[in-house]
Amino acid sequence: MEITQVTHEFKPIFDETSRVLMLGTMPSPKSREVGFYYGHPRNRFWKVVSAVCGEPYPETKEEKIAFALRNHIAVWDVLASCEIRGAEDGSIRNPVPNDMDVILKHADIQAVFATGAKAAQLYKRHCYPKTGIPAVCLPSTSPANCRTSYEELYEAYRAILPYIKKGKNLK
């Protein structure tokens, strides 16, 4: 597979009540094909995050957006564009970061989480100097990360709970 120039075309998911920013690297070819974040049918992001939040799995794009907003979760990617071979984060060349202020100036973000080591590395290099908010590196939910079990992902992603629970009106 050859390296291609990819430009991020999804709008970030967030509103003024978003407290957690979840950042991937760049949408995979399958995500770009279906037109939404973590769109590969074997990607475990939505399954893990909905379970952590104690909610049913959101099936449609609309349900995923509503789920994220209801749980004070913003979803975006570190990169606006790059050269990449398929979905191989390790092949990324010439990365251009997204401007995190698009979200940070309008939402009450309390913590940033990177959904994989490459996303964390790129955020640290290209975004952290401007945002001053460190990113917590979570394991990738990609089907390529088969060495991390669902149970391990679930435990790691529970790190978002202290931030999103504060944002809920708990009775």
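Here the structure is a predicted model, which means the values were calculated and not measured.
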Any luck finding a side-chain donor-acceptor pair between [X] and [Y] under 3.5 Å?
| X | Y | answer |
| --- | --- | --- |
| Gln121 | Lys124 | no |
| Tyr157 | Thr141 | no |
| Ser142 | Asn43 | no |
| His40 | Ser28 | no |

How long is the span from the [atom1] atom in [X] to the [atom2] atom in [Y], to the nearest 0.5 Å?
| X | Y | atom1 | atom2 | value |
| --- | --- | --- | --- | --- |
| Phe45 | Ser31 | CZ | OG | 11.0 Å |
| Glu151 | Leu153 | CD | CG | 9.0 Å |
| Met100 | Lys105 | CE | NZ | 14.0 Å |

Backbone N/O of [Y] and side chain of [X]: donor-acceptor pair under 3.5 Å:
| X | Y | answer |
| --- | --- | --- |
| Ser91 | Arg85 | yes |
| Asn71 | Ile73 | no |
| Asn98 | Leu79 | yes |
| Ser140 | Gly116 | no |
| Glu63 | Thr60 | yes |
| Arg32 | Pro27 | yes |
| Thr115 | Leu23 | yes |
| His72 | Thr17 | yes |
| Arg19 | Asp108 | no |

With the 4.5 Å side-chain cut-off for hydrophobic clustering, are [X] and [Y] part of the same group?
| X | Y | result |
| --- | --- | --- |
| Val34 | Trp76 | no |
| Val20 | Val102 | yes |
| Ile160 | Tyr150 | yes |

If you take all heavy atoms of [X] and [Y], which pair is closest and at what distance?
| X | Y | result |
| --- | --- | --- |
| Ala68 | Val75 | CB-CG2, 4.4 Å |
| Pro12 | Ile103 | CB-CD1, 3.8 Å |
| Asp89 | Lys118 | O-CE, 3.4 Å |
| Arg44 | Thr148 | NH1-O, 2.8 Å |
| Tyr123 | Ile133 | OH-O, 2.7 Å |

Heavy-atom check, side chain of [X] versus side chain of [Y], under 4.5 Å:
| X | Y | result |
| --- | --- | --- |
| Val6 | Ile84 | yes |
| Asp101 | His106 | no |
| Cys127 | Val78 | yes |
| Ile65 | Phe36 | yes |
| Cys82 | Arg93 | no |

Query raised in the report: For Asp15, what residues pass the salt bridge (Lys or Arg N to Asp or Glu O under 4.0 Å) criterion, not counting sequence neighbours?
Result: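 For Asp15 there are no salt bridge (Lys or Arg N to Asp or Glu O under 4.0 Å) partners, ignoring immediate neighbours.
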
Just to verify, what does [X] make a side-chain hydrogen bond (donor to acceptor under 3.5 Å, both in side chains) with, not counting sequence neighbours?
| X | result |
| --- | --- |
| His8 | Asp77 |
| Glu155 | none |
| Lys61 | none |
| Lys64 | none |

Under 3.5 Å, side-chain donor or acceptor atoms of residues 46-53 against the rest of the protein: list the pairs with distances, not counting sequence neighbours.
{"unit_1": "Trp46", "atom_1": "NE1", "unit_2": "Tyr37", "atom_2": "O", "d": "3.0"}
{"unit_1": "Ser50", "atom_1": "OG", "unit_2": "Trp46", "atom_2": "O", "d": "2.7"}
{"unit_1": "Ser50", "atom_1": "OG", "unit_2": "Lys47", "atom_2": "O", "d": "3.2"}

Query raised in the report: Could you walk me through whether Leu138 and Met22 pass the side-chain contact (heavy atoms from CB on, under 4.5 Å) check?
Result: CA-CA 10 Å; Leu138 297 173; Met22 306 290 287; 4.0 Å; yes

Requested in this report: Apply side-chain contact (heavy atoms from CB on, under 4.5 Å) to Phe113 and Leu21, showing your working.
Outcome: CA-CA 6 Å; Phe113 293 88; Leu21 174 54; over 6 Å; no

Query - Working for side-chain contact (heavy atoms from CB on, under 4.5 Å), residues Val112 and Val136 - result: CA-CA 6 Å; Val112 175; Val136 175; over 6 Å; no

